[in-house]
Amino acid sequence: MDNLPPIDKDYLLDFLTKLLNTPSPTGLAHRAIALAEGTLAAFPFLKLSRTRKGALLATWPGRQSDAPRALTAHIDTLGAMVKEIKSNGRLKMAPIGGFAWNTVEGEGCTVFPSHKEPIRGSILLTEASGHVYGKEVNETKRDNENMEVRLDVITSSPEETRLLGIAVGDFIAFDPRVEVNHNFVRSRHLDDKACVACIVTAVKALAEAGLQPTQTTYLFISNYEEVGHGAASGIPPEAVELVTVDMAAVGEGQTSDEFHPSICVKDSGGPYHHELSQRLRQLADEQHISHKVDIYPYYGSDGEAYWRAGGDVAVALIGPGVDASHNYERTHLEALVGTTQWLVAYLLS
Ligand SMILES: [Zn+2]
């Protein structure tokens, strides 16, 4: 770490907190994309553009441009959509992305009508009251049929709910409930906003040290990862390497933890690019960046999305360990800083 530029931890946490508090369920990520764009606009050497699909691309000129590279992280998150307005005025939901309903039960949420102000509410089991439904509250299976949104406005009929501007297809964002305690960051959607923050902070680290990446580097902030095709398009085909920056899966049997960055050498989509992964590991060793090597059992990434779409690049995956992923997530500043250092080392290599 001795010869790497310093990482601004306060900046990292501050930007991450802002980003976590900006709702961006897949399909409605424009607010978060705009925040990332506005933040990156502070670095005049980046050329910013958006893809037709709405992703953000920043081109960072390097000292060389004969073998351009790409980094990607996704800014979209899990969420839901209004599936149906129920006879009691409450909302049935269709999930966006892969998660279990019990992980958002009792969570606050925001519904985004297309032409009116957002409306607050919460996600509950239909038979939620313990005093009314007794053991059913414990025994009911949490599924699309048995979960609903209770809106914090007066409505008890579909007509009243429609008058609020709410319609089938409106997006629903889950409250992130961000807290930072003793350098632990606890929030929903650290997947993958934590990694967007690491990339942005890596840019700042190089910029402040007056450094340029060795190769021209594309920073691709994707907006459809949670549904599987985020980076399928949009990464310039000149890129010869793609480092996907996404959270590491922490749990029983995993080497990953909340205090370290991990490199994923294999997930549900199979092995990543061995040579690029080996180079990243070697870089981390050289820079004394303590890290884990892991396999994620139920996991796919934007790197694989690009491979599946025909992208001819070497793909590797690194990122901070996140506990309780696709649930109420948590990581530690050490993992975020380690990931950022690793990115900086890669950019300068
Ligand atoms: Zn992710």
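What you are looking at is a predicted structure, and each value in this text was computed from that prediction instead of being measured. Basis for what follows: all heavy atoms, side chains included, without hydrogens, waters or symmetry-related copies. Both ligands and their constituent atoms are indexed starting at 1 by order of listing.
With 2.8 Å as the limit, His74 counts as an N, O or S neighbour of the Zn ion (ligand 1). When distances to the Zn ion (ligand 1) are checked against a cut-off of 2.8 Å, Glu226 contributes no N, O or S atom below that limit.
Among the heteroatoms counted here (N, O or S) of Asp191, OD1 is the one nearest to the Zn ion (ligand 1).
Aromatic ring centroids of His229 and Tyr224 lie under 6.0 Å apart. Ring centroid separation for the pair Tyr306 and Phe220 does not come in under the 6.0 Å cut-off.
Rounding to the nearest 0.5 Å places CD of Glu286 at 9.0 Å from OG of Ser349.
A donor and an acceptor atom, one from each side chain of Asp246 and Ser301, are nowhere located under 3.5 Å apart.
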